[in-house]
Amino acid sequence: MNTPRELDKGYDPGGVEERWYAYWEEEKLFAADKAGSENPAYSIVIPPPNVTGMLHMGHALNITLQDILCRYRRLCGDNVLWMPGTDHAGIATQNVVEKKLLSEGTSRHDLGREAFIEKVWEWRREYGGTIIRQLKRLGASCDWDRERFTMDDGLSMAVRTVFKTLYDEGLIYRGKYLINWCPRCHTAIADIEVEYEEMQGGLYYIRYPFVDGDGGLVVATTRPETMLGDTAVAVNPDDERYAAMAGRTVHLPLTDRVIPVIADKYVDTSFGTGALKITPAHDPNDFEIGRIHGLDMVKVIDDKGFMTAEAGERFAGLERSECRKAVVAALDKEGLLENQEAYTHSVGTCYRCHTVVEPNLSKQWFVNVKPLAEKAVQVVQDGQTRIIPDNWEKTYYEWMDNIRDWCVSRQIWWGHRIPAWYCDDCGEVMVEITAPGKCASCESTALTRESDVLDTWFSSALWPFSTMGWPEETRLLKTFYPTSVLVTGFDILFFWVARMLMMGVHFMKAVPFADVYIHALVRDEDGKKMSKSTGNVIDPIEVIENYGADALRFTLAAFAAQGRDVKLSESRIEGYRHFINKLWNAARFALMHIDDSNCDETLSDASLADRWILSRLSTLRQTVAEAIDTYKFNEAAVALYQFVWHEFCDWYLEAVKPDLYGKKGDSRREGSKTVLRRVLSDVLVMLHPIVPFVTEEIWHALPGDRTSIMQAAFPTAGPAMVAYDADAEAEMELVMGVITGIRNVRGEMNISPSKTLSAEVHAGDDQTLNRIAANEDMIVNLARLDSLTVTTAGEKPKFAATSVVGNATVYALLEGVIDFEKEKTRIEKEMTKLEKDLAGVSGKLNNEAFLNKAPADVVAKVRASHEHLLAHREKLQATLEKVAEMA
RNA sequence: GGGCGGGUAGCUCAGUUGGGAGAGCAUCGGCCUUACAAGCCGAGGGUCACAGGUUCAAGCCCUGUUCCGCCCACCA
């Protein structure tokens, strides 16, 4: 293909995106570890979205940043593995499928465990691909042939191996403790899965009459229904009001039980009445006190949130909130409710369904994570894993230092079933990777498998190595573990990142990732976080349909400043869509001129504009590479935006038009065509990680046989023509200044762009004179002049508007047009600004301390600036006087 | 109670060896200039939350105050 393909007038992402994505997949361009690859390995494991998930802005940001890194690294020649997959999301998925069953008039209990699990797999086959398809629409360049699911056989093997190993090491145990119970999901949940919400409630003051003698103790509680399970009242031994009462007994109202008054320093004398009711089976702190004092544990609320028989005949069977009302009414009736006041406090809720959790006594499996946490803290302290931005390190340490045992068993059906078996005959507990045939103790074959499954995060914690084939020693592990970076939001720092570090260090003897890049959270308009379950999500797919995936990606990248949350605005996305279109049109223009012949790596004839844009390009190359290397995605995006729009389009393309439209075969024309092609092609490659679709589309319109832009190389120090050129930059700045000065006059004086002007420049030195004279054509062209005269000095032309640029004074000749009043105002305005700058600079130079203590280069800079300002003012002053005469 | 982040143009936000206050959108004025009106050329707009300190020099470093947001702990 020798002639450039013609591009449509405006960029329409529809169609283009699907076409190129299909092409990339067909060509296997996302595949890692292609045969013979000896290149440096670079790997990322995707934070696996829930299989039930729908793409939200949090995903979009997360995926975009990873995709930028992966695409960039591929362009740099690395052997890149981006491991994709989804999470089985135990509770979330079970909820979804249960809801579906409900709408079909059945339930999981009707089906039974096995049939239900089969239903979930069916659901997964039918709907589980949604989130993956959505990631693809965003452009994610994962190695899809390696896609994993946390319930895959291989991952299941990893889970069982880890479980057994930790059990054998004594780090996993089973026991009856007070855990957080969700009555709706009907399962235990871990401490960090409890979300606290402020709620309006009441504080109830209840009198517990003494058994011997008159009076009683009054306690305050927010949960009167739990009093039915009280087994003591505690007072602080240092509390003069109550100390003597310890050891006495009280009647537990509404029951026929008698409970002791005990002394414990835990009691806060300043809260409520200073006397605390103790319900060991339904409050974590009471549980602790109960253990210390050997109190009975009376469970009055069952697993579904209803009162048990132990709550007494009057209340058994009531739902817990109904029971609260009933208890309050009963107490009131018996005259034992002393007082009742409104009270706001935070209440724990289930992070999945936001039902109020019930602390409940229950037999569960736990991981003793402390020993694992210590090692995981160490590797961060050692710098084996860097957390970026590093202020998250503190949060990480804080949590790890105060970590408590992790309750990993869940009373649901969907998930990794705990690999433990109980002997029906002797009660022996066996933890094995595969089912034991008989009891290790009594040889009975009557074994029952544990019915609980594992917390979803247990399998997620193994993700960096389980996806690569562990416990097998695979080539994948050898090549790509530890991974290069983990990109994630801080909301799952504890849920996921910390646990991966613990498991990775423990089982692989190596950190799971060298870097952890923590990005901001995309919040909704109220500043609340968008969550999978609350449904307050903005749909990125809609944004993609309205603006294109590239516009969304560029916006997210430009927003991704470290340490700040993202609040998306429609107008911002629209602005970046305009940028995509700008790039498109610049390419269209370029393609009108470049052809197969201008691929030269050397330049025989370069104009100032050519040398200047190549110099700017060399700086851009460094800026972009450095920005991506340090996860400053916004800096990369902004630098590219600035270059493409305001340097390449605004100046370079306009400046080279006369050359391009010039005579065929002219060396200047050929030179510019070569530069044009070089810049466009380099910029496309640099932009590709951020906006993959439009860059691929343009890339293929370039002349010559093209492979994918994904197979191009990120611009490096060669070729020689792309180099920093201080001289070109200085000269171009002067020329741009002259042009801008004249344009400014036009604007301020309301002179139509269609009216051509003449101008005169008086240059103060030879270099300035030569530079301006050498670029007369560019100035005439871009300032829309009909003629330009350049001299070393001279009188100010009578009818002229003036601007001062460097060591030159530019006069736009305006005979018959000039409004001297206006001109006077214009110059005075500039003068005011100038005086202000001058005052600042003079102040410094008059300050001896500054001259003595500031670094020499700074002083020199200020001196130079001072001289420039003085010269500038002098020129303006002279002009102003002349203008004032005319006005 | 502990910790973290933030307060910069009308809005959304960039801004690190401390030395020039910036971008996008919005606003105002002028343009169909053959890549682009999704565009072009100009312009206006600031007590960098407040108060003190360090420094020759502070949006940036330190202290205090205040407001907003988030996380953790406690919550009888």
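Everything numeric in this text was worked out from a predicted model, so none of it was measured. Hydrogens, waters and symmetry mates are skipped; everything else that's a heavy atom, side chains included, is used. Throughout, a chain's letter reflects where its sequence line sits, starting with A, and its residues are numbered from 1.
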Exercise for review: Using whole Å, report how far CG of A:Asn285 lies from P of B:C74.
Suggested key: 7 Å
Point to revise | Given A:Leu276, A:Val250, A:Ile278, the one that forms side-chain contact (heavy atoms from CB on, under 4.5 Å) with A:Val233 | key: A:Val250
Exercise for review: With heavy atoms under 4.0 Å as the rule, sort A:Arg746 into base, sugar-phosphate or nothing.
Suggested key: nothing
Practice item. Mind checking A:Asp837 for me? I need base, sugar-phosphate or nothing, with any heavy atom below 4.0 Å counting as a touch. Key: nothing
Point to revise | Gap between atoms CG and C1', on A:Asn847 and B:U55 respectively (whole Å) | key: 11 Å
Revision key, fill the gap. Here the distance between atom C1' of B:C71 and atom OH of A:Tyr397, to the nearest Å, is 18 Å
Point to revise | Contact under 4.0 Å: A:Trp651 side-chain N or O vs B:C40 OP1/OP2 | key: no
Revision key, fill the gap. Checking A:Asn585, A:Leu583, A:Asp550 against A:Tyr11 for side-chain contact (heavy atoms from CB on, under 4.5 Å), the one that qualifies is A:Asp550
Revision key, fill the gap. Heavy-atom nearest nucleotide on RNA chain B taken for A:Trp645 and for A:Arg588; more 5' hit belongs to A:Arg588
Point to revise | Inter-nucleotide C1' distance (B:C62, B:C68), Å rounded | key: 23 Å
Revision key, fill the gap. Rounded to whole Å, CD1 of A:Ile573 lies from C1' of B:C11 at a distance of 15 Å
Point to revise | Value in whole Å for how far the P atom of B:A23 lies from CD of A:Glu574 | key: 20 Å
Check your understanding: Do the numbers put A:Lys582 on top of the ring of A:Tyr576, so that NZ or CZ is under 6.0 Å from the six-membered ring centre and no more than 45° off the axis?
Key -> no
Study note, to complete from the structure: Across every strand shown, the nucleotide meeting Watson-Crick or G-U wobble geometry with B:U12 (both distances under 3.5 Å) is B:A23
Review point. Heavy-atom count around A:His868 NE2 within 6.0 Å, excluding the residue itself: above 12?
Key: no
Exercise for review: Find the distance A:Tyr343:OH to B:C74:P and express it as a whole number of Å.
Suggested key: 14 Å
Study note, to complete from the structure: Note: for A:Val638 and A:Gln642 on RNA chain B, the residue whose nearest nucleotide lies more 5' is A:Val638
Practice item. Please state how far atom CD1 in A:Ile192 lies from atom P in B:C70, giving the value in whole angstrom units. Key: 20 Å
**Study point:** Phosphate OP1/OP2 of B:A35 contacted by A:Lys657 side-chain N/O (<4.0 Å)
**Key:** yes
Practice item. Look at all strands and tell whether A:Val219 reaches a base, only sugar-phosphate, or nothing, counting heavy atoms closer than 4.0 Å. Key: nothing
Revision key, fill the gap. Per atom distances to the A:Leu653 side chain, the nearest of B:A35, B:C56, B:C4 is B:A35
Point to revise | Gap in Å between the two P atoms, one belonging to B:G46 and one to B:A9, rounded | key: 10 Å
**Study point:** Candidate list A:Ile262, A:Leu252, A:Leu295, A:Asp286, test side-chain contact (heavy atoms from CB on, under 4.5 Å), partner A:Thr231, passing option
**Key:** A:Leu295
Review point. Which listed nucleotide (B:C4, B:C72, B:A38) is nearest to the side chain of A:Phe494?
Key: B:C72
Review point. What does B:G64 pair with, Watson-Crick or G-U, if both distances are under 3.5 Å?
Key: B:C50
Point to revise | Below 4.0 Å: OP1/OP2 of B:G20 and any side-chain N or O of A:His868 | key: no
**Study point:** Among B:C36, B:G24, B:A73, the nucleotide that comes nearest once only the side chain of A:Arg404 is considered
**Key:** B:A73
Practice item. Please report, rounded to the nearest Å, how far the P atom of B:U33 is from the CG atom of A:Leu660. Key: 20 Å
Practice item. Quick one: label A:Tyr11 by what it contacts on the DNA or RNA (base, sugar-phosphate, nothing), any heavy atom closer than 4.0 Å. Key: base
Check your understanding: If you check the A:Arg743 side chain, which of B:C4, B:C74, B:G42 turns out closest?
Key -> B:G42
Exercise for review: Scan every strand shown for a Watson-Crick or G-U wobble partner of B:G69, both distances under 3.5 Å, and answer none if you come up empty.
Suggested key: B:C4
Check your understanding: Which part of the nucleic acid does A:Glu748 contact within heavy-atom distance under 4.0 Å: base, sugar-phosphate only, or nothing?
Key -> sugar-phosphate
Revision key, fill the gap. Ranking B:G44, B:A73, B:A38 by distance to the side chain of A:His578, first place goes to B:A38
Point to revise | Whole-angstrom distance between B:G2 and B:A73, as gauged at atom C1' | key: 7 Å
Point to revise | Pairwise C1' distance for B:A57 and B:A21, with rounding to whole Å | key: 16 Å
Exercise for review: Measure from the side-chain heavy atoms of A:Phe559 and tell me the nearest of B:A14, B:G5, B:U12.
Suggested key: B:U12
Practice item. Specify whether A:Tyr661 and A:Phe589 have parallel, tilted or perpendicular ring planes, treating 30° as the upper limit for parallel and 60° as the lower limit for perpendicular. Key: perpendicular
Review point. Across the strands shown, which category fits A:Leu203 at heavy-atom distances under 4.0 angstrom: base, sugar-phosphate, nothing?
Key: sugar-phosphate
Check your understanding: Do A:Lys582 and B:C36 share a donor-acceptor pair, side chain to base, under 3.5 Å?
Key -> yes
Check your understanding: Cation over ring, A:Arg743 on A:Trp651, under 6.0 Å and within 45°?
Key -> yes
Exercise for review: Assign A:Tyr641 to base, sugar-phosphate, or nothing according to its heavy-atom contacts below 4.0 angstrom with the strands shown.
Suggested key: sugar-phosphate
Check your understanding: Is any N or O donor-acceptor pair between the side chain of A:Glu398 and the base of B:A73 shorter than 3.5 Å?
Key -> no
Review point. Does the side chain of A:Asn402 get closer than 4.0 angstrom to OP1 or OP2 of B:A73 through an N or O atom?
Key: no
Point to revise | Ring center gap for A:Trp645 and A:Tyr641 short of 6.0 angstrom | key: yes
**Study point:** Closest listed nucleotide, where the reference is the side chain of A:Asn750 and the choices are B:G29, B:A76, B:G19
**Key:** B:G29
Review point. Looking at B:A35, B:C56, B:A76, which one has an atom nearest to any side-chain atom of A:Ala849?
Key: B:C56
Practice item. Just compare B:G19, B:C74, B:U33 and give me whichever is closest to any side-chain atom of A:Arg784. Key: B:U33
Point to revise | Presence of A:Lys844 side-chain N/O under 4.0 Å of B:C56 phosphate oxygens OP1/OP2 | key: no
**Study point:** Plane angle bin for A:Tyr631 and A:Phe633 - parallel if under 30°, tilted between 30 and 60°, otherwise perpendicular
**Key:** tilted
Review point. Using a cut-off of 4.0 Å on non-hydrogen atoms, how would the nucleic acid contact of A:Asn581 be classed: base, sugar-phosphate, or nothing?
Key: base
Check your understanding: If you check every side-chain atom of A:Lys829, which of B:A43, B:G19, B:A73 has the closest atom?
Key -> B:A43
Review point. OP1, OP2 of B:C4 versus side-chain N and O of A:Tyr396: anything below 4.0 Å?
Key: no
Review point. Could one point to a donor on the side chain of A:Ser346 or the base of B:C75 with an acceptor on the other under 3.5 Å away?
Key: yes
Study note, to complete from the structure: Pairing partner of B:G42, by Watson-Crick or G-U wobble and under 3.5 Å for both distances, is B:C28
